[in-house]
Every structure is written in C-alpha cells, then in structure tokens.
2 protein chains.
Amino acid sequence: MAKSNRAICLCPLEGVIDIISKKWALLIVNEIGNHGRIRYNDLMKEIQAISPKTLADTLKELVKYNLVKREAFNEIPPRVDYTLTKDGEELRKSIIPILQWALSKKGTVIAHCSCSI
Amino acid sequence: MAKSNRAICLCPLEGVIDIISKKWALLIVNEIGNHGRIRYNDLMKEIQAISPKTLADTLKELVKYNLVKREAFNEIPPRVDYTLTKDGEELRKSIIPILQWALSKKGTVIAHCSCSI
DNA sequence: CGGTATCCTGGCTGATACTG
DNA sequence: CAGTATCAGCCAGGATACCG
C-alpha cells in the first residue's frame, strides 16, 4: 500500500485491506481451505492465471501473517504442503458472505470455475 | 488490476477483488453506510488520509458498479449527496464479518477510529 | 518439484493547484 | 462546495528462464 503524508487512519480496516487487496490472497486462502492441504504446483494448476512468482510472493505474505502454514518434506522429488492456520480458517469463513454476494451479483459464467465456495 | 496473458480465471472472486482491492472502496462504502447519506467534503473529513482525487475516482467506480448513488442538487453552494444502493448495502453487510475478523486480530489502537463498524 | 532471478510495465495513488 | 487538471513515483504483478 502506498504511503501518504496525510493523517494516518487508525481504522481497523487498514490492516485487512493490506491482505484482502492482494490480488490473489483470498483466492489462495479459499483454495487451500477447499483442499485442506495442497502443494505448490497443485495451487498453480487450480489458479491457472497466476504466475509462479506471484504465487510464491503471496504465499510468503500469507505465511508471514500466520494465515497459512508451510510444511516442507525432505524428499526427492521435493514436497511442500500448504494448509490454513486457525486464523486462516477464520478469515476464510469471514469471506464467505462476500463470496456469496459476488456470486449473487454475477450468477452467470461460473461454469468452469475451479475455485468453489 | 493488471492484465495477464494467462488463462482467464472464471472465478466469481475475480469481480469482487476488483472492487474490494481498491484501497479505499470498502472504507467508503462502510462510511456512507454509517451516515446513510453523506456529502463529498464530509467524506473527506471522515477519511482524512484520502486525497480528493482518489476519493473522486473511487466514488466514480462505486457509482459505476452501482454500489453507490450520487445525487447532485443545483444549489449555490453546490451540494452532492452519496448514498448506498441496495447492492451497496448488501456489500456492506457482507463485509461485516471480515471487519470483525480484523478487529479480533488487532483489537488495539482503534481509539480514534473515525470509521466504526 | 518448488521455487528464484531478472527484467519490465502500467495503473493506482499521492501532492498540489486550480475552477465552475 | 465539489470536484478536475496535472505531474509524478512506486511497486504489485507479469513473462520467462533457470536452479537445487
């Protein structure tokens, strides 16, 4: 989020917006939640429109905010699982109304939608 | 939102994210909702950290999406009122959980918050 | 497989001054 | 009062190639 010279808004929204305004964050949270546990490349497949860099960046952010947990296994080939933390689950639940709102406004052309609610 | 060469995601989230990822959109929707009916400069006062341009731009977007209604009165001095549309009200309701989630995660330092839930 | 490294672009946002 | 006009900067995000 860009900085400002203006008075700082101490609104609780400030923090959320940093998260939910990340283009892919909610989608990823929702997707991980749907799968319970999912690997990096499977996320790439589910969210086809995302680039590897952006996925990695966003996941890092989510891990930093303690919304997502990363588990790496020392195997060959390498394996990394992502799951939601308790906070992540809560966030996921709290965005359901907004997803439903979105659905009710579009209603159409969600046939091939890989990310369900 | 930046464009991409990749496969288009037909997810219902796509549309919402365009809206909720606007830095000030949710804040403005919430603020208008709190007041029921509010004028441009009063919004400026409530959301002190926003610039006039950004406020105007965001309002236009919200009007375009039919979330906010703009009413101009031919008076001197000029007067313009903003209210939420039905859709806007619904959106506002659907973001309450996320606001509450935000509150529960921060809980602190919201003393001088001008935007309440 | 699960990412980095690198380079690049354009849109969002801000500051400020001005106007009908 | 309710905005526009103008100029500018940053950085999220994309494309692509490569690595342990």
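So that the names make sense, note that chain A is the first sequence line, chain B the second, and so on, each numbered from 1.
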| request: Give the intermediate values and the outcome of side chain to side chain contact (heavy atoms under 4.5 Å, CB included) for residues A/Ile50 and A/Ile28. | output: CA-CA 10 Å; A/Ile50 202 172; A/Ile28 292 172; 4.2 Å; yes

Rounding to a whole Å, what distance do you find between [X]:[atom1] and [N]:[atom2]?
{"X": "B/Ile76", "N": "D/dC1", "atom1": "CD1", "atom2": "P", "value": "13 Å"}
{"X": "B/Asn74", "N": "D/dG3", "atom1": "CG", "atom2": "C1'", "value": "15 Å"}
{"X": "A/Lys23", "N": "D/dC11", "atom1": "NZ", "atom2": "P", "value": "19 Å"}
{"X": "A/Ile28", "N": "D/dG13", "atom1": "CD1", "atom2": "C1'", "value": "12 Å"}
{"X": "B/Gln48", "N": "C/dG14", "atom1": "CD", "atom2": "C1'", "value": "16 Å"}
{"X": "B/Ile20", "N": "C/dC12", "atom1": "CD1", "atom2": "P", "value": "15 Å"}
{"X": "B/Met44", "N": "C/dA15", "atom1": "CE", "atom2": "C1'", "value": "11 Å"}
{"X": "A/Leu55", "N": "D/dA15", "atom1": "CG", "atom2": "C1'", "value": "15 Å"}

Quick one: are [X] and [Y] in side-chain contact, heavy atoms under 4.5 Å?
{"X": "B/Lys22", "Y": "A/Ser21", "result": "no"}
{"X": "B/Ile95", "Y": "A/Ile95", "result": "no"}
{"X": "A/Glu71", "Y": "A/Thr83", "result": "yes"}

With sequence neighbours excluded, what pairs up with [X] under the side-chain contact (heavy atoms from CB on, under 4.5 Å) test?
{"X": "B/Lys60", "answer": "none"}
{"X": "B/Val29", "answer": "B/Leu62, B/Leu84, B/Leu91, B/Arg92"}
{"X": "A/Lys53", "answer": "A/Ser51, A/Asp57"}
{"X": "A/Asp87", "answer": "A/Asn66, A/Leu67, A/Thr85, A/Glu90, B/Lys105"}

| field | Angle of first-five versus last-five pair axes in the helix from C/dC1-D/dG20 to C/dG20-D/dC1, to 10 degrees | value |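 Computed from the C1' atoms at both ends, the axes differ by 60°.
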
| How would nucleotides 1-8 of chain C be written as a contact map, 5' to 3', with B for base contact, S for sugar-phosphate-only contact and - for no contact, using protein heavy atoms under 4.0 Å? | BSBS-B--

| field | Verdict with supporting geometry, A/Leu55 and A/Trp24, side chain to side chain contact (heavy atoms under 4.5 Å, CB included) | value | CA-CA 8 Å; A/Leu55 178 55; A/Trp24 301 101; over 6 Å; no

| request: Please state whether the phosphate of C/dG14, meaning OP1 or OP2, lies under 4.0 angstrom from any side-chain nitrogen or oxygen of B/Thr54. | output: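 Indeed, a polar side-chain atom of B/Thr54 lies that close.
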
